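Data block below; observations after.
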Amino acid sequence: MKDRYPLFDSHFHIIDPSFPLIANQGYLPEPYRCADYLRQTSGYSLCGGAVVSGSFQGFDQTYLLDALDHLGDDFVGVTQLPVTVTDDEIFLLHQAGIRAVRFNLRRGGSEEIVHLRSFARRIFELVGWHVELYVDSRELESLYQTLITLPRVSVDHLGLSRDGFNCLLRLAERGVRVKATGFSRGDLDIKNALRMLHEVNPNALMFGTDLPCTRAPRSYSDEDFYLVVETLGEEAAAAIFHLNALQWYRPGQRPHSG
């Protein structure tokens with residue numbers, strides 16, 4: 001069944017030790033190269049996706065540019081950048097397929113959150129990028145007034161926590177996108193979370209495999225994919241697997257018909 005739906009994988013990592021890796025909280029991930037990812041997703045109707053920089057990759061761009069070169073034009077990058085990056089460097093990254101900057105509040109390795117407002121506006125005005133937050137929903141209330149003023153924002157892994165989830169719902173109502181990823185990472189009832197987010201904003205949810213699921217309690221399973229269909233039905237699932245993310249990362253691109 002999984003090959004019936006075009007999939008734009010909104011969140012996965014490539015880990016290539018040929019490029020710089022930084023131990024984060026004592027953790028270094030196992031290698032997971034482009035070939036590993038393509039092999040593991042070969043049973044899906046994969047039509048693109050977003051390679052996301054992890055805490056252990058810091059501000060390195062070399063691995064990401066190499067991954068995008070290998071994966072092709074249907075894939076985009078989510079990077080981590082210091083605020084000292086120049087406009088020219090941002091333009092070059094945009095030409096290479098980067099489409100967002102990640103702020104990792106959960107693990108670190110990214111720019112400090114104090115720069116979120118100014119940096120989000122700067123990258124949007126320059127190249128139309130959005131910001132992605134790896135953040136626990138329990139921290140969202142303190143960020144709410146800032147987030148609703150930003151041009152484009154997404155939140156990873158359904159926000160992780162039951163505590164603060166109502167704030168995530170309010171943000172989704174205001175246009176913030178939410179990645180349906182990392183189902184084992186938090187304490188949410190995943191079905192209820194999917195239903196509630198879809199109800200407040202049918203465009204908010206974007207599915208991703210989170211491969212290779214570094215530090216997650218369990219790895220990605222096809223059952224995560226099927227759970228979305230079971231919970232929301234085929235029409236809604238088709239948008240969550242493909243159209244919502246495609247329109248977010250590659251606005252104006254024609255959807256894959258399957």
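The first residue in the sequence is number 1, and the count goes up from there. Since the structure is predicted, the reported quantities are computational estimates derived from the model, not experimental observations.
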Let's go through L7 and T41 carefully: what are the C-alpha distance in whole Å and the side-chain angles of both, what is the deciding distance for side chain to side chain contact (heavy atoms under 4.5 Å, CB included) to 0.1 Å, and is it a yes or a no? CA-CA 10 Å; L7 173 63; T41 55; 5.8 Å; no
Cation-pi between R152 and W248: NZ/CZ under 6.0 Å from ring centre and within 45° of the ring axis?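 Yes; both conditions hold, so R152 lies above the ring face of W248.
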Look up atom [atom1] in [X] and atom [atom2] in [Y], then write down how far apart they are to the nearest 0.5 Å.
X: F103; Y: F119; atom1: CZ; atom2: CZ; result: 6.0 Å
X: I98; Y: I90; atom1: CD1; atom2: CD1; result: 11.5 Å
X: L46; Y: D9; atom1: CG; atom2: CG; result: 6.5 Å
X: M206; Y: L246; atom1: CE; atom2: CG; result: 11.5 Å
X: L188; Y: L197; atom1: CG; atom2: CG; result: 9.0 Å
X: L93; Y: Q61; atom1: CG; atom2: CD; result: 5.0 Å

Would you indicate whether the side-chain heavy atoms of [Y] and [X] approach each other to under 4.5 Å?
X: V78; Y: V51; answer: no
X: D156; Y: L133; answer: no
X: H13; Y: L211; answer: no
X: V101; Y: Q80; answer: no
X: S137; Y: V135; answer: no
X: F8; Y: D74; answer: no
X: H242; Y: F207; answer: no

Do [X] and [Y] pair up side chain to side chain, a donor and an acceptor below 3.5 Å, judged on atom types alone?
X: R117; Y: T149; answer: yes
X: D16; Y: Y32; answer: no
X: H94; Y: R99; answer: yes
X: H157; Y: T181; answer: yes

Output yes when a side-chain donor or acceptor of [X] lies under 3.5 Å from a complementary backbone atom of [Y], and no otherwise.
X: N192; Y: D189; result: no
X: S142; Y: E139; result: yes
X: D60; Y: Y63; result: yes
X: S161; Y: D163; result: no
X: E30; Y: I15; result: no
X: D3; Y: Y44; result: no
X: N244; Y: P202; result: yes
X: H11; Y: G208; result: no
X: R122; Y: V83; result: yes
X: S154; Y: R177; result: no

Same cluster (ILVMFWY, side-chain, under 4.5 Å), [X] and [Y]:
X: L147; Y: L160; answer: no
X: V85; Y: L92; answer: no
X: Y134; Y: L116; answer: no
X: V200; Y: L171; answer: yes
X: I123; Y: L105; answer: yes

Which heavy atom of [X] sits nearest to which heavy atom of [Y], and what is that distance?
X: S53; Y: L64; result: OG-CD2, 3.9 Å
X: S10; Y: K179; result: O-NZ, 2.9 Å
X: N104; Y: S55; result: ND2-CB, 3.8 Å
X: R185; Y: D210; result: NE-OD2, 2.9 Å
X: A204; Y: V176; result: CB-O, 3.9 Å
X: R102; Y: G54; result: NH1-CA, 3.9 Å

Could you please spell out the steps behind the side chain to side chain contact (heavy atoms under 4.5 Å, CB included) verdict for Y249 and H130? CA-CA 9 Å; Y249 283 102; H130 64 274; 3.6 Å; yes
Determine, for K2 against D224, whether the closest basic-nitrogen to carboxylate-oxygen distance falls under 4.0 angstrom.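 Salt bridge absent between K2 and D224.
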The test is side chain to side chain contact (heavy atoms under 4.5 Å, CB included); show your working for F12 and I14 and say whether it passes. CA-CA 7 Å; F12 68 96; I14 297 298; 3.9 Å; yes
Going through the checks in order, is the ring pair (Phe, Tyr, Trp, His ring centres under 6.0 Å) test met by F241 and F225? CA-CA 9 Å; F241 292 146; F225 187 87; 3.9 Å; yes
Only one of L168, V131, D136 forms a side chain to side chain contact (heavy atoms under 4.5 Å, CB included) with V155, so which one is it?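 Of L168, V131, D136, side chain to side chain contact (heavy atoms under 4.5 Å, CB included) with V155 is met by L168 alone.
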Starting from the C-alpha separation in whole Å, work towards a yes-or-no answer on side chain to side chain contact (heavy atoms under 4.5 Å, CB included) for C167 and Y144. CA-CA 8 Å; C167 188; Y144 182 83; 3.8 Å; yes
Check whether more than 12 heavy atoms from other residues, nucleotides or ligands sit under 6.0 Å from atom CD of E199, and answer yes or no.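 Check fails, neighbour count at 12 or below.
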